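Please read these numbers as outputs of a predicted model, since none were measured by experiment.
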There are 2 protein chains.
Amino acid sequence: MARELPSSLLMFIASRSAASRIFEAVHDAGFDDLTIAQSRLMMGIDPAGTRLSVLAERAQIAKQTATALVDKLERAGYVERVPDPSDGRATLVRLTPRAEAVLPVARAEEDRIEAEWRAHLGPEAMDQLRDALTALRDITDPYQ
Amino acid sequence: MARELPSSLLMFIASRSAASRIFEAVHDAGFDDLTIAQSRLMMGIDPAGTRLSVLAERAQIAKQTATALVDKLERAGYVERVPDPSDGRATLVRLTPRAEAVLPVARAEEDRIEAEWRAHLGPEAMDQLRDALTALRDITDPYQ
DNA sequence: TTCCCATAGTCCCATAATCGAACTACAATG
DNA sequence: CATTGTAGTTCGATTATGGGACTATGGGAA
C-alpha cells in the first residue's frame, strides 16, 4: 500500500514540466542564451522598471544572486539598468525590446499548456484547480 | 487589468513554499547536512535499493549529477552503495538507518502542510485539488 | 547643519547543482 | 570470442546561490 504523494510534490512535477516546456519554446524561438533562473527574475520586472532589491524579494533570492543574474541579462541585452530618479542609491532594472520579444513566445506556450490541462481535466475541474491554487497563494506566497 | 498568473506558476509558488518548510524542519531536526536536491534524490530510493540510473531518471537529472549527489549522500552517511547481484555493472543505492530517521520528520511536516492547506481551502476543494493534480500527472510526469 | 544609522547595490569567495564528453568495466548477442 | 550496448565514473566547465564585507546614498535626530 503505497503512500500517496504529497500535493506539494504533485505541484512540483506539473510546474517543472511546464517550466521545461516554456524554456524549450523560448530557446527554440532563438533566445537560446536565457536560463530558467534568469527568465524567472525577468518575469518580476514591471513595465516601468523595478528595483533590484524588489526583484530579489519577488524571486525569493539574495541580493547578490539578483545582481549576478541581472549582470548576465544585461550583457545578453535583455535588460538595462537606469538610475532611480527618486533614490540615488537605487537602480531600476528595465526590459529591453529584446526581452519584450520573448514575452509573447512564453505566453503562447503557457496558454498552450493551460489549454492542454483544461482539455485533460475538463473545464469545471480546471476552474476549481485555478481557484484553489490562487487561494493557496494567501498562505504560501511570502511576497504577496 | 493584470494578466492572471499561469496555473503552473501558482503551483511553483506553493510547491516551493512546501519544499522550504520541509527542508527547514529536517534541518532543525539535526539533519543539517542535507540539501533539497539530495533529499529529492533520496525520495526516489526504494526500500530494497534502487539503481543509480533509475534514480537519475526518476529525478530527471543526468547520470553524472546523480553520481555526484549520491557521493555526497554516501559521505554524509545517508545512503550506501551495494553491488547489484543481478548485474555486475550496476550498483544499488540503499538508505541507511540515518536516512530512515529523516523520513518521519519530513512526513510529519508534509502532513502539517497538507492539513493547513485543507483548513484554508475546505475539505471538498482540497480533495478536488488533489484529484486534479493526480490526474495531471498523466500528462506532466515523463517518468510515470 | 552634523552625525549616526539604515538601505541599495556591489564585490569577493566558497559551495552546490548541473551536464557534455570521454572513459572503464561488465553484459549480451550472435 | 568479437562486437555492440549499458552502468557508472571522472573531468572540466558553467550557472545559481548566499555569507560577509564594503561603498555610496538617504533620512532622522541632536
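- Look at A/T65 and you'll find a side-chain N or O under 4.0 angstrom from OP1 or OP2 of D/dG18.
- Among the protein residues, B/T91 comes within range of the sugar-phosphate backbone only, with heavy atoms under 4.0 Å from sugar or phosphate atoms but none that close to a base.
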* To do: Go through the steps for A/R130 and B/E4 under the test salt bridge (charged side-chain N to carboxylate O under 4.0 Å, His left out), then give the verdict.
  => CA-CA 10 Å; A/R130 282 197 57 87; B/E4 287 190 345; 3.2 Å; yes
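- At a threshold of 4.0 angstrom between heavy atoms, the contacts of B/D84 with the nucleic acid are absent.
- In this structure, the CD atom of A/E57 is 16 Å from the P atom of D/dT17, given to the nearest Å.
- Under 3.5 Å, the side chain of A/Q64 and the base of C/dG9 form no donor-acceptor pair of N or O atoms.
- A donor-acceptor contact closer than 3.5 angstrom links the side chains of B/S7 and A/E114.
- No engagement by B/R40 is indicated, since no non-hydrogen atom pair under 4.0 Å with the nucleic acid exists.
- Between B/S53 and the phosphate of D/dG8, there is a side-chain N or O to OP1/OP2 separation shorter than 4.0 Å.
- As judged by a 4.0 angstrom heavy-atom cut-off over every strand, A/T67 is placed among the base-contacting residues.
- If you measure from atom CG of A/L34 to atom P of D/dT15, you get 12 Å, rounded to the nearest angstrom.
- A salt bridge is absent between B/D46 and B/R51; no separation between the charged side-chain nitrogens and carboxylate oxygens falls under 4.0 Å.
- For the pair B/K72 NZ and C/dT15 P, the interatomic distance rounds to 10 Å; values are reported in whole Å.
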